[in-house]
A.B. asks: 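Sharing a structure, written as structure tokens. Questions coming.
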Amino acid sequence: MIFNKMGMMKWIDTPQLSREAWMFICLSIFSAVVLFTCVDLVPRVDNNFFFSNNDPQFQDENKISHLFKRKDSLLIINASGSIRSKDYMEKIQGLSYSLITIPGIVSVKSIAMGPNGLEDAIKGPLWNRLLISKDQQSTNVMVFLNDAFSKTVIPRIERLTHQYSQVNFRLILSGPPYIVEQISRHLLKDLRIFSLLVLIIFAIIVLLIFRSTGILLGAIVSCLSASMLTLMISHMLGIKIGLLTANLATIVFVITLSHIIFLTYNWKYVCSQNDHTHPVEKAMHITFSPSFWSMMTTLLGFMSLLSVPAQPLKELGASGMTGALVAISVAYGIYPAFLRLVEPSISQKNTLDRYQERMENFLEKKKKVTVSVIFILFFMALPGIWKANTDPSLISYFNKNSKLERDITYIDHHGGSSPLILVVKTSSGEKLDTDASYRKLWNLQNSLEQYNQVGSVISLPVMMAEADRSLLASLLSWQTLLNILQGPQFNGIARSFITDDHRQGLFLLRMNESNRHIPRLQVIGKIKRMVQAQGFDLVLIGGIYNLQGHLSKLIASSIIFGLGQLIIIFSLIAWIISRSLRIALAITLSICVIPVIVLGTVGWLGIPLDIISAPACNIALGLGIDSMIHMVRAYRRQKPRNNRDTEAWGKIRHRFWQPVATFTLVMVLGFGIFTFSEFPSTKRFGAAVVFGTLIASMTALFVMPTTAQLGLKRKS
């Protein structure tokens with residue numbers, strides 16, 4: 001027994017558990033033990049997490065690795081201080097030699113390990129570009145990593161830099177391996193903290209709404225079981241916890257809860273009709289058909305992601321399909337065992353019900369205003385879709401003005417932070433070991449360095465110019481010097497920039513991210529034209545910058561074309577369910593409203609739409625179509641009893657106000673927790689789901705029924 005603020009008693013039903021309920025609780029506990037024992041729940045994000053090995057973009061990466069001795073997987077340590085002092089040089093030397101002893105580090109280059117001191121590095125064509133910042137107020141320590149060990153190496157590097165850092169010797173870390181590791185840590189932190197908070201909030205809301213520990217326990221056991229089973233099955237399918245699947249447990253939890261809320265409210269409806277003979281079975285009979293079609297729309301939504309080459313989207317698609325099937329199986333297989341224990345009297349109204357009724361009455365009176373506001377938002381948001389930033393920089397994954405963001409931005413301004421690899425050959429087909437080719441390569445080098453999107457460029461002519469500084473090398477021909485640098489006495493350094501047949505050369509660019517205002521692929525397109533203008537053909541393109549560019553293109557296409565395909569499929573399902581072209585068109589129009597308003601608002605506000613926050617729109621769309629399917633199925637049962645269509649839809653809206661409003665409340669408070677994350681992508685994901693959920697609920701309750709009656713009103 002608990003008391004509300006007015007001192008009125010409110011009873012909470014606490015039923016005796018049956019053997020069936022105890023069995024499901026034990027199975028849930030067993031699943032938890034298996035999950036935490038056998039499944040790796042740490043989000044895995046590596047340098048090549050964007051695409052699978054079979055995709056064309058990643059195949060180009062492999063081709064480049066076969067052609068050249070690559071050293072582009074690097075971590076940059078920027079050291080600021082009095083760079084000309086003896087103390088500074090001693091610290092750089094100590095740091096460099098300490099780094100090289102760490103297993104997994106292939107090589108280290110710094111002013112103390114490579115050139116003959118600071119002045120030699122400043123004068124050297126290669127070392128100046130590699131080690132000296134543009135303002136000459138700091139130098140870089142370039143740490144080349146073995147990808148297989150980067151996950152374990154980075155923490156050791158962090159401890160070492162912390163040990164060496166002082167007031168007059170400030171060390172900053174950057175580079176793709178480090179950035180990716182930070183993203184992984186943020187995901188893990190959010191997974192641990194917010195998953196627990198969301199569970200607590202969902203539990204409190206369910207308890208307040210239904211006032212039954214039986215319903216609460218059944219909902220928690222069912223939702224947790226569905227989430228755990230999905231994670232275990234995904235693990236068996238070889239799908240690891242990654243960028244998007246880190247939120248999989250929460251998504252499946254919500255999908256399962258959707259079935260449970262509609263089932264519970266239909267049970268309350270059956271009980272309110274004074275029909276207490278097998279009310280759970282009757283509620284299941286009423287609810288299962290729309291739940292099945294809701295599951296189908298969710299399943300098809302995730303299935304559409306399987307055709308997208310981006311690995312995170314593929315993994316979300318496969319695991320989401322599994323979750324959709326598991327959710328409905330658990331909701332109708334486990335939850336009814338707990339619902340049968342609840343006394344029908346608990347279905348009576350409580351204080352929260354009365355608050356919901358007041359809100360319903362208010363919005364019902366303002367129904368036309370609500371519909372008008374939604375359509376105004378729709379037309380205002382429509383142009384914003386084309387402004388959506390689906391290609392944000394890696395820096396946008398971190399809080400603005402945070403230490404991490406400032407550090408990465410500093411390095412980005414002084415040499416670039418994201419690698420882009422170009423493999424070129426002459427348009428005429430001649431080899432690159434001639435004096436004429438050397439001059440053409442230098443012209444391309446200078447052209448690339450003048451482009452403001454490029455931070456720094458390392459290439460064959462730069463390396464050769466560095467080698468040519470020695471007196472002995474200056475006496476040798478270009479071809480002879482190149483052959484020597486390809487030999488074992490120089491560790492085959494030239495093989496990092498030219499193929500064995502001397503027909504293809506590599507340019508390693510470090511691209512600027514903080515001042516980029518156009519998509520990466522547009523930047524790459526301009527670089528292609530620059531390459532062609534200098535008499536070269538671009539053979540291969542690689543690097544994380546290129547992979548991210550293609551990923552952003554896939555995100556945009558999956559949002560625009562993927563949602564378009566889903567809307568067509570959902571329209572077909574709506575026609576099958578309603579058996580009415582008019583209602584199917586009303587549903588189609590209504591579900592179009594949801595993604596347009598969400599994406600358009602995101603575009604107008606300039607909010608980055610990265611791969612983590614992008615699926616939020618699909619979740620909101622799923623809520624909208626689920627509610628509409630349940631309402632249409634009920635409308636088909638209600639219509640024969642009412643001659644007037646307006647009256648029938650009014651009763652349907654009244655009946656489904658509470659389940660839709662309840663689920664909206666659960667989603668808003670649950671996903672609203674994500675907005676308090678320190679990880680901007682998680683914050684954007686939560687905010688987009690909350691906003692989309694509010695739009696979806698109002699669209700399902702008011703826009704769909706209103707548009708479904710337009711044709712009839714004209715006839716009358």
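Residue numbers count from 1 along this sequence.
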A.B. asks: When you look at NZ of K683, are more than 12 heavy atoms from neighbouring residues, nucleotides or ligands closer to it than 6.0 Å?
C.D. replies: yes
A.B. asks: Got a salt bridge between D501 and K425, using NZ or NE/NH1/NH2 to carboxylate O under 4.0 Å?
C.D. replies: no
A.B. asks: Say whether, by atom type as modelled, one donor and one acceptor occur between the side chain of N443 and the main chain of Q534 under 3.5 angstrom.
C.D. replies: no
A.B. asks: Could you go through the side chain to side chain contact (heavy atoms under 4.5 Å, CB included) check for L460 and F507 one step at a time?
C.D. replies: CA-CA 7 Å; L460 180 65; F507 283 73; over 6 Å; no
A.B. asks: Donor-acceptor pair, S613 side chain versus L609 backbone, under 3.5 Å?
C.D. replies: no
A.B. asks: Going by heavy atoms in the side chains, are D120 and L118 under 4.5 Å from each other?
C.D. replies: no
A.B. asks: What's the verdict on side chain to side chain contact (heavy atoms under 4.5 Å, CB included) for I157 and V143, showing C-alpha distance, side-chain angles and the deciding distance?
C.D. replies: CA-CA 10 Å; I157 295 175; V143 184; 4.2 Å; yes
A.B. asks: If we ignore hydrogens and angles and just use 3.5 Å, is the side chain of N128 paired with the main-chain N or O of I122 as donor and acceptor?
C.D. replies: yes
A.B. asks: So, the side chain of R520 versus the backbone of G549: is there a donor-acceptor pair under 3.5 Å, distance only?
C.D. replies: no
A.B. asks: Does R503 reach the main-chain N or O of G429 with its side chain, forming a donor-acceptor pair under 3.5 Å?
C.D. replies: yes
A.B. asks: Supply the atom-to-atom distance L508 CG to I421 CD1, rounded to the nearest 0.5 angstrom.
C.D. replies: 6.0 Å
A.B. asks: Is any side-chain heavy atom of L130 closer than 4.5 Å to a side-chain heavy atom of I458?
C.D. replies: yes
A.B. asks: Checking side-chain contact (heavy atoms from CB on, under 4.5 Å) against H502, which of I498, D500, T499 comes through?
C.D. replies: I498
A.B. asks: Where do M511 and D412 come nearest, in terms of heavy atoms and distance?
C.D. replies: O-OD1, 3.5 Å
A.B. asks: Search all heavy atoms of R129 against all heavy atoms of V457 and return the closest pair with its distance.
C.D. replies: CD-O, 3.3 Å
A.B. asks: Step by step, work out the side chain to side chain donor-acceptor pair (under 3.5 Å) result for H414 and D135.
C.D. replies: CA-CA 8 Å; H414 293 83; D135 58 4; 3.2 Å; yes
A.B. asks: What distance do I92 atom CD1 and S110 atom OG have between them, rounded to the nearest 0.5 Å?
C.D. replies: 6.0 Å
A.B. asks: How long is the gap from OG on S459 to CG on L126, to the nearest 0.5 Å?
C.D. replies: 9.5 Å
A.B. asks: What residues, two or more places apart in sequence or in another chain, satisfy ring pair (Phe, Tyr, Trp, His ring centres under 6.0 Å) together with Y164?
C.D. replies: none
A.B. asks: Let me see the working for H550 and N546 under side chain to side chain contact (heavy atoms under 4.5 Å, CB included), right down to the final yes or no.
C.D. replies: CA-CA 6 Å; H550 283 282; N546 177 60; 3.4 Å; yes
A.B. asks: Identify the two heavy atoms, one from L432 and one from G505, that lie closest to each other, and give their separation to 0.1 Å.
C.D. replies: CD1-N, 3.3 Å
A.B. asks: What distance separates L75 CG from T161 OG1, expressed to the nearest 0.5 Å?
C.D. replies: 9.0 Å
A.B. asks: Measure across I105 and L99 and return the closest heavy-atom pair with its distance rounded to 0.1 Å.
C.D. replies: CD1-O, 3.1 Å
A.B. asks: Looking only at the side chains, is there a donor atom on one of T390 and S552 sitting less than 3.5 Å from an acceptor on the other?
C.D. replies: no
A.B. asks: Mind running salt bridge (charged side-chain N to carboxylate O under 4.0 Å, His left out) on D407 and K403 for me, showing each step along the way?
C.D. replies: CA-CA 6 Å; D407 290 350; K403 180 181 182 302; 2.8 Å; yes
A.B. asks: Got a donor-acceptor contact below 3.5 angstrom from the S133 side chain to the S138 backbone?
C.D. replies: yes
A.B. asks: If every non-hydrogen atom of S107 is compared with every non-hydrogen atom of I100, which pair is closest and at what distance?
C.D. replies: CA-CD1, 3.7 Å
A.B. asks: Over 60° means perpendicular and under 30° means parallel, so classify the ring planes of F674 and F685, tilted if in between.
C.D. replies: perpendicular
A.B. asks: Is there a side-chain contact between I76 and V141, using heavy atoms and a 4.5 Å cut-off?
C.D. replies: no
A.B. asks: Is any NZ, NE, NH1 or NH2 atom of the basic residue among K123 and E119 found under 4.0 Å from an Asp or Glu carboxylate oxygen of the other?
C.D. replies: no
A.B. asks: Could you check whether any side-chain heavy atom of E405 comes within less than 4.5 Å of a side-chain heavy atom of Y397, counting everything from C-beta outward?
C.D. replies: no
A.B. asks: Atom NZ of K526 and atom OH of Y451: how far apart are they, to the nearest 0.5 Å?
C.D. replies: 4.5 Å
A.B. asks: Let me know which of V602, V689, D610 forms a side-chain contact (heavy atoms from CB on, under 4.5 Å) with R684.
C.D. replies: D610
A.B. asks: Does Y410 reach the side chain of I172, with side-chain heavy atoms less than 4.5 Å apart?
C.D. replies: yes
A.B. asks: Using a 3.5 Å distance criterion without hydrogens, assess whether the side chain of W604 forms a donor-acceptor pair with backbone atoms of M380.
C.D. replies: yes
A.B. asks: Salt bridge or not for K134 and E449, using N-O below 4.0 Å?
C.D. replies: no
A.B. asks: So, taking the atom named NE2 in H413 and the one named CG in N512, what distance separates them when rounded to the nearest 0.5 Å?
C.D. replies: 7.0 Å
A.B. asks: Report yes if the side chains of N140 and I132 come closer than 4.5 Å at any heavy-atom pair, otherwise no.
C.D. replies: no
A.B. asks: For K431, does its backbone N or O pair with a side-chain atom of S437 as donor and acceptor, under 3.5 Å?
C.D. replies: yes
A.B. asks: If every non-hydrogen atom of F536 is compared with every non-hydrogen atom of K440, which pair is closest and at what distance?
C.D. replies: CE1-O, 3.5 Å
A.B. asks: Check D87 with K91, please: is the shortest side-chain N to carboxylate O separation under 4.0 Å?
C.D. replies: yes
A.B. asks: Do the side chains of L173 and N78 get nearer than 4.5 Å, heavy atoms only?
C.D. replies: no
A.B. asks: Between Q137 and I83, is there a side-chain heavy-atom distance shorter than 4.5 Å?
C.D. replies: no
A.B. asks: Distance-only, no hydrogens or angles: does the Q163 side chain make a donor-acceptor pair with backbone N or O of R159 under 3.5 Å?
C.D. replies: no
A.B. asks: Distance-only, no hydrogens or angles: does the H162 side chain make a donor-acceptor pair with backbone N or O of E158 under 3.5 Å?
C.D. replies: no
A.B. asks: For the pair R510 and S418, evaluate side chain to side chain contact (heavy atoms under 4.5 Å, CB included) and give the outcome as yes or no after the intermediate values.
C.D. replies: CA-CA 5 Å; R510 283 166 53 200; S418 186; over 6 Å; no
